[in-house]
Structure formats: C-alpha cells, structure tokens
Amino acid sequence: MRLRNKPWAQDYIQAHPEVVIANPESRKGKWHEEFGNHNPVHVEVGTGKGQFVIGMARQNPHINYIGIELYDSVIVVALEKVLEQESLPNLRLLNVNGKDLTEYFEKGDISQVYLNFSDPWPKTRHAKRRLTHANFLTLYKELMPDGGEVHFKTDNRGLFEYSLMSMTDFGMKLQFVSLDLHANEPEDNVRTEYEEKFAAKGQPIYRLEAKFN
Ligand SMILES: C[S@@+](CC[C@H](N)C(=O)[O-])C[C@H]1O[C@@H](n2cnc3c(N)ncnc32)[C@H](O)[C@@H]1O
C-alpha cells in the first residue's frame with residue numbers, strides 16, 4: 001500500500017525485489033523455490049520496521065522468515081536495515097495486507113505466525129481489523145499444518161485479554177502466557193522496535209503462544 005509521506009519508497013522497494021518480493025502470488029505453494037530449501041517458513045504479520053524478523057533470521061539461519069507490512073513508508077525502513085546486513089538469505093519482506101494471506105500462501109506454506117504489538121483497534125466496531133480476530137485466526141489456520149502456532153506480544157492489556165478470549169473461543173490451546181515477559185526475559189527473546197520503546201518506559205510486555213488443533 002502506498003502512503004504519500006515517502007514518495008520514493010515504492011521506487012526503492014521495486015529496486016530490491018530480492019528482498020521485497022514483487023509478485024508474491026507467483027510464489028504461492030513454491031516458497032521453497034524462493035528460499036532454495038525446504039526449511040520451515042515463519043511469518044510475522046505487521047512487521048513494521050523489521051527489527052524482529054531481522055533478529056530472528058540472524059538467530060535462526062535454518063528457519064525462513066517473511067515479514068509482512070501494509071505500508072511502503074514503513075517497510076522501506078525494514079528494507080534499509082536488511083540491506084545493511086551482510087547476508088540474510090533466509091529473510092524476505094512483503095508489502096501487502098495480512099488479510100489477503102491466502103493470495104500468497106497455501107496450506108502448509110507457513111509453519112508459524114508471529115504478531116508483535118499489533119494495532120489494538122480499541123473500538124468494538126473495528127474489532128475485525130485486530131490481527132487476532134477470529135477471521136484472521138481462520139486464515140492462519142488455513143495456511144499452517146495441524147498444530148501450527150501463533151506467537152503474540154503486546155503492551156496493550158485490552159488487546160491481550162481480547163486475544164486470549166478470541167484464541168480460546170477458536171479452540172486454540174494456550175501454551176505460554178506471560179503478563180510481564182521482561183521480568184524473566186528468555187535469552188532468545190528478540191525485541192521489536194515497539195517492545196524496546198515500551199520496555200524503556202517500564203511498561204509490562206504481555207506474551208502468549210497458542211496452538212491450533
Ligand atoms: C504498532 S506497529 C508494530 C510494528 C512491529 N511489529 C513492532 O513490534 O515494532 C503495527 C504494524 O502493523 C502493520 N499492520 C497493521 N495491520 C496490518 C495488516 N492487516 N497487514 C499488514 N500489516 C499491518 C502496521 O502498518 C504497523 O506497521
């Protein structure tokens with residue numbers, strides 16, 4: 001999606017199709033060809049400026065990562081960061097809307113979904129835009145094998161409680177719930193940009209992992 005405050009963003013993105021995939025629909029069912037291996041593919045929806053997917057791709061070279069971001073003015077920052085790295089063959093970015101995931105992926109293409117500091121959309125009439133709404137959970141389930149997982153972090157207590165309910169109502173099994181992730185931060189936790197910001201203010205970070213049946 002085009003956002004006007006960085007008019008150069010689209011040109012820059014289009015100049016780097018090796019990172020931001022130009023026609024992701026053509027990779028549907030064939031992501032292993034794009035990555036040149038059959039390693040699992042983990043997707044972050046709402047990747048923002050990319051710190052998390054880049055950190056994860058560096059930490060786990062045998063997992064392929066795809067960061068999905070709606071706005072070109074934001075994903076272009078992630079692209080700049082990727083280009084600063086020496087080499088990240090296991091990372092790609094998509095400048096698309098997460099609600100259209102089935103245009104780009106088919107069942108089994110994705111083995112895990114990450115949602116980090118998703119927009120809370122606090123008004124009830126906007127609930128369908130929350131990335132943990134049942135409509136989005138239906139999409140994720142459709143694209144992952146049985147037992148696929150969603151890992152979620154947020155600073156927003158309202159969105160966290162909503163997501164716990166939404167996932168439980170959907171029949172997902174909650175595996176790990178933390179009301180203050182940084183009180184006992186796992187060594188392998190990769191912080192996102194928003195996570196750094198909220199942690200610096202001393203705000204608790206909520207986290208959960210949930211598994212589809
Ligand atoms: C609050 S930011 C968090 C960014 C990053 N995950 C972090 O933790 O630093 C949420 C991001 O999700 C993106 N986003 C929201 N809805 C989306 C959707 N349906 N598809 C793709 N990206 C989306 C927004 O544009 C924004 O960049």
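Being a predicted model, the structure only gives us computed values, none of them experimental. We use all heavy atoms of the structure for the numbers below, so side chains are in, but hydrogens, waters and symmetry mates are not.
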In terms of relative ring orientation, are Phe136 and Tyr140 parallel, tilted or perpendicular, with 30° and 60° separating the classes? tilted
Do the non-hydrogen side-chain atoms of Leu181 and Pro186 ever get within less than 4.5 Å of each other? yes
Checking Glu195 now: which residues fulfil salt bridge (charged side-chain N to carboxylate O under 4.0 Å, His left out) with it, not counting sequence neighbours? Lys153
Interatomic distance, CG@Leu101 vs CD1@Ile68, rounded to 0.5 Å, equals 5.0 Å
Check: Asn90 side chain, Ala57 main-chain N or O, donor-acceptor pair, under 3.5 Å: yes
For the pair His38 and His32, name the ring-plane relationship: parallel under 30°, tilted 30 to 60°, perpendicular over 60°. parallel
Just by modelled atom types, is the Ile54 backbone N or O under 3.5 Å from a matching donor or acceptor in the Gln85 side chain? no
Sole candidate of Asn60, Thr47, Asn39 that passes side chain to side chain contact (heavy atoms under 4.5 Å, CB included) when paired with Tyr65: Asn60
Within 45° cone and under 6.0 Å: Lys201 NZ/CZ vs Phe198 ring: no
Heavy-atom closest pair (Gly98 atom, Val45 atom, distance to 0.1 Å) is CA-CG1, 4.0 Å
Please check if any side-chain donor atom of Glu44 sits under 3.5 Å from a side-chain acceptor atom of His42, or the reverse. no
Might you work through the side-chain contact (heavy atoms from CB on, under 4.5 Å) test for Arg207 and Phe152, ending with a clear yes or no? CA-CA 6 Å; Arg207 180 180 192 264; Phe152 176 64; over 6 Å; no
If only atom types and distance count, is the side chain of Asp11 paired as donor or acceptor with the main-chain N or O of Trp8 below 3.5 Å? no
Residues Leu115, Thr132; criterion side-chain contact (heavy atoms from CB on, under 4.5 Å); working and verdict: CA-CA 8 Å; Leu115 305 171; Thr132 50; 3.6 Å; yes
Quick one: do the Asn37 and Asn64 side chains pair a donor with an acceptor below 3.5 Å? yes
Going by ring pair (Phe, Tyr, Trp, His ring centres under 6.0 Å), name the residues that satisfy it together with Phe105, two or more places apart in sequence or in a different chain. Trp31
Applying salt bridge (charged side-chain N to carboxylate O under 4.0 Å, His left out), can you list everything that pairs with Glu34, at least two apart in sequence or on another chain? Arg27, Arg92
